[in-house]
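What follows is a set of notes on a single structure, which appears directly below.
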2 protein chains.
Amino acid sequence: MPTLQDVAKHAQVSTSTVSRVLSGKGKFTTEVQTRVQNAIKLLDYQPNSNAQALASNRVSLVGFITPSISAPFYGQIASGGEIAARAHKYRTLIANSFRNTDEELEAIRSFQAQGCKNIILHSMSFTDEQLIELANKIDGLVILGRFVEQIANRCVWLDNVKGGQMAAEYLIANGHEDIAILSYAQTQCDPSQRINGARIAFANAGLNLPQDSIIFNQGQIADGSWSVNKLLDSGKHFSAILAYNDLIAVGACKELIKRGYKVPEDVSVIGFDNLFFAEICTPELTTVNYPIKEMASYAVELSIKLTEQPDAYVERTHLFMPSIVERSSVKRLSK
Amino acid sequence: MPTLQDVAKHAQVSTSTVSRVLSGKGKFTTEVQTRVQNAIKLLDYQPNSNAQALASNRVSLVGFITPSISAPFYGQIASGGEIAARAHKYRTLIANSFRNTDEELEAIRSFQAQGCKNIILHSMSFTDEQLIELANKIDGLVILGRFVEQIANRCVWLDNVKGGQMAAEYLIANGHEDIAILSYAQTQCDPSQRINGARIAFANAGLNLPQDSIIFNQGQIADGSWSVNKLLDSGKHFSAILAYNDLIAVGACKELIKRGYKVPEDVSVIGFDNLFFAEICTPELTTVNYPIKEMASYAVELSIKLTEQPDAYVERTHLFMPSIVERSSVKRLSK
DNA sequence: CGCCCTTACGCAAGCGCTTGCGTTAACTCA
DNA sequence: TGAGTTAACGCAAGCGCTTGCGTAAGGGCG
């Protein structure tokens, strides 16, 4: 591979001049500029990023840490993020963490070892304190899908309370009063926030939400099935299910149908996330849209801004709003 | 961040010694070794990958180029690949190419600029000649999902002919004789290979495959619907559909059902790829398994072997086999 | 016309690491 | 015991780039 030296020799200038032409900083005559550019084209020169990084202590890399890139939700993060990154001439690093703190830490370390300061973290396992500490250490760290007050300007998140509320309100508006919630058993905040949102909707409607209407599970398709069975076997009556995510919702639908119930005629189901398969399944899933792709791309922009223009104005809060996507898994109950 | 120098100072040795202890090459007393290791721990030292790369001209990065990382199929490549890469202490770069030659080239260039020699390419747009040229230039380039004779040992691929044949044979074995093929209109070889495989099965069964039984489309869900409409409107009779991929298959199922046909009672459908949503949709999709995750991880191993041990023995061919996954979208036809 | 300021470029140090070679001291063995 | 080995480490160059500083040439101005 040709080096800056080679280009300099060809253009009959010093390496510093080539470097300046390349970066557009500094002054030079248009004559020199064209000489350099010609040499670059002629030699098919491509700067060595490692040398650049070493010399300038700057790196054009954004790293994504998500539980598992092959899950549809996280795939969108990587995809939306990559597009935004590429638009800024940044390259994209990824790491699967499998919700494991050690893996997450290891990923961060290795990204840092690359000189990568732009890290988008969708963490399930760090505590708020850990995140704050990390954010203070890493200028370009952006937390996706979570809100931590002390580093609010570094968090790109969804209003989960609102989302839960919207979902519940939608069911209530469709005449449902006996609603079961299939939630996700984890310490992180999303599930409880969505439940809280639902509680608000219930309270507003003068309804109450008995504790045994909430089933916690592991958030996968099979867990949706499992939860429905548990619900059905408990003898509890319900006309609608509010699921923590689309996976649970789909599992619930399948199990419901398997056990002879019709969806939505007998039981309505609403999901969360609006993953692409929501319109594949039968019935097509009514769900709450989580604009994760946009959020990922926003997070990248934010991270780059944070590192490239540390003094630039940054919104204090980066909050995204969920929205209802009506399809066919919720039935209007006539009184 | 602490540097090698800092570690050396703390351990009272030269930087070369630290470097040697780190890499395990060269000789040193265990006493020196522990001194160095203690210093490393004490300072929480992490080598600067850019400096390492620059000095050694070696880099622990594997780059994946796929059309779009958020598509389920390609997500599996990144995920399986990342896991294999991490096992070798390699980091993972990704790039979306959107089936665009320029983007693919650009991605390769930028990976190379990082010093990354391990590239896994799932290319839709390069010609065989281009791939050969690239493979000759880049030691660690591995082609995924395609076979090019001249660089056979660099191709990790699926027996698509066999896959098409298996799918057709499965339908035939279930009594179907009027089979429509919903294929993918692209210059690349997969679709035609699968059709060829189907032809073999037809020929073996003494059946023939009229040209107007094959509909070409763009390979997405909507295209499955579109193709079914085209088929239905042409008045052609068929009892089964053999789809190029699961997306088309799902779209076909949906449209069939929409137009009043029952799947599989009226029309059977078989897909290809065995993506995770195949068991979500209704009916659950019978399909051909494409072990892409395993292939991706294999490709990474191969690439690393190619660059780290250029003289090691490498299988001449890396061929994976598809297999039928029986679910409920194909009905046995009684004579 | 001499002075100063700017413009346009070159010089060279240095980013943090690897590695070939050199050096020292300990060790082997006839 | 002295020549030759070898083990264990240090020296320093150099990977390809950036960038602060220096400087020569050109231009403006009184």
Side-chain angles (χ1 to χ4, degrees), chain A residues 1-37 39-40 43-61 89 91 109-117 307-308, chain B residues 1-37 39-40 43-61 89 109-117 308:
Chain A
M1 294 213 103
T3 71
L4 236 212
Q5 286 249 23
D6 301 328
V7 175
K9 226 169 278 172
H10 251 83
Q12 318 223 50
V13 293
S14 72
T15 58
S16 13
T17 301
V18 178
S19 176
R20 282 177 194 123
V21 171
L22 233 40
S23 68
K25 294 173 190 165
K27 304 274 181 172
F28 36 80
T29 59
T30 52
E31 199 255 322
V32 163
Q33 184 178 3
T34 53
R35 270 209 332 258
V36 168
Q37 285 170 343
I40 289 177
L43 299 174
D44 191 29
Y45 168 74
Q46 176 95 359
N48 178 319
S49 328
N50 289 306
Q52 282 184 317
L54 186 57
S56 68
N57 196 27
R58 272 182 276 106
V59 126
S60 296
L61 232 37
K89 309 254 175 232
R91 282 291 139 195
R109 280 182 69 92
S110 78
F111 285 177
Q112 282 191 289
Q114 311 264 2
C116 170
K117 295 172 182 59
T307 51
E308 288 191 354
Chain B
M1 294 212 103
T3 72
L4 237 212
Q5 286 249 23
D6 301 329
V7 175
K9 224 169 282 173
H10 251 82
Q12 318 223 52
V13 292
S14 72
T15 58
S16 14
T17 301
V18 178
S19 176
R20 282 177 193 123
V21 170
L22 233 40
S23 68
K25 294 172 190 165
K27 304 275 181 170
F28 36 80
T29 59
T30 51
E31 199 256 321
V32 163
Q33 182 177 7
T34 53
R35 249 175 32 224
V36 169
Q37 285 170 342
I40 289 178
L43 299 173
D44 192 28
Y45 167 74
Q46 177 94 358
N48 178 319
S49 331
N50 290 306
Q52 281 185 318
L54 186 57
S56 68
N57 195 27
R58 272 181 276 108
V59 125
S60 297
L61 232 35
K89 307 254 175 232
R109 281 181 68 90
S110 78
F111 285 176
Q112 282 191 288
Q114 311 263 3
C116 170
K117 295 171 181 61
E308 288 191 355

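What you see is a predicted model, and the numbers here were worked out from it, not measured in a lab. Convention: sequence-line order gives letters A, B, ...; per-chain numbering from 1.
As judged by a 4.0 angstrom heavy-atom cut-off over every strand, B:S16 is placed among the base-contacting residues. The residue B:S19 sits close to a base: some heavy atom pair falls under 4.0 Å.
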Nucleic acid footprint by protein, nucleotides 21-26 of chain C - heavy-atom cut-off 4.0 Å, B for base, S for sugar-phosphate alone: B-----
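Taken from CD in A:Q52 to CG in B:N50, the straight-line distance is 10.0 Å, to the nearest 0.5 Å. Atoms CG and CD, from B:L22 and B:Q37 in turn, are 9.0 Å apart once rounded to the nearest 0.5 Å. To the nearest 0.5 Å, the span separating CG on B:L54 from OG on B:S49 amounts to 12.0 Å. Rounded to the nearest 0.5 Å, atoms OG (B:S110) and NZ (A:K89) are 10.0 Å apart. To the nearest 0.5 Å, atom OG1 of residue B:T15 and atom CZ of residue B:R20 are 8.5 Å apart. Interatomic distance, CG of A:L4 versus CG of A:L43, reported as 11.0 Å (0.5 Å rounding).
In the region residues 49-59 of chain A, proximity to DNA chain C at under 4.0 angstrom, judged on heavy atoms, holds for A:L54, A:A55. Listed by residue number, there are no residues of residues 25-34 of chain B with a heavy-atom contact under 4.0 Å to DNA chain C.
At the phosphate of C:dG10, OP1 or OP2 sits under 4.0 Å from a side-chain N or O atom of A:T17.
Read 5' to 3', the first and last nucleotides of DNA chain D with an atom closer than 4.0 Å to a heavy atom of chain A are D:dG16 to D:dC21.
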In a table with atom names and distances, give each donor-acceptor pair under 3.5 Å that connects a side chain of residues 25-32 of chain B to protein atoms at least two apart or in another chain.
from, atom 1, to, atom 2, distance (Å)
B:T29, OG1, B:V32, N, 3.2
B:E31, OE1, B:R35, NH1, 3.2
B:E31, OE2, B:R35, NH1, 2.9

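Here the closest heavy-atom approach between residue A:P2 and residue A:D44 is recorded as CG-O, 3.9 Å. Considering all non-hydrogen atoms of both residues, A:A113 and B:P47 come closest at CB-O, 3.6 Å.
Inter-residue side-chain proximity for A:R91 and B:Q114 is flagged as met; some heavy-atom pair is nearer than 4.5 Å. Side-chain contact between A:V21 and A:V13 is absent, with no heavy atoms from C-beta onward closer than 4.5 Å.
Axis angle across the helix from C:dC1-D:dG30 to C:dA30-D:dT1, with five pairs used at each end and values rounded to 10°: 40°.
Evaluated for a side-chain contact (heavy atoms from CB on, under 4.5 Å) with A:K117, the options A:L61, A:N57, A:V59 yield exactly one hit, A:N57.
In the model, A:T17 has a side-chain atom that pairs as donor or acceptor with a side-chain atom of A:S14 under 3.5 Å.
The local environment of CD in B:Q5 is sparse, with at most 12 non-hydrogen atoms from other residues, nucleotides or ligands closer than 6.0 Å.
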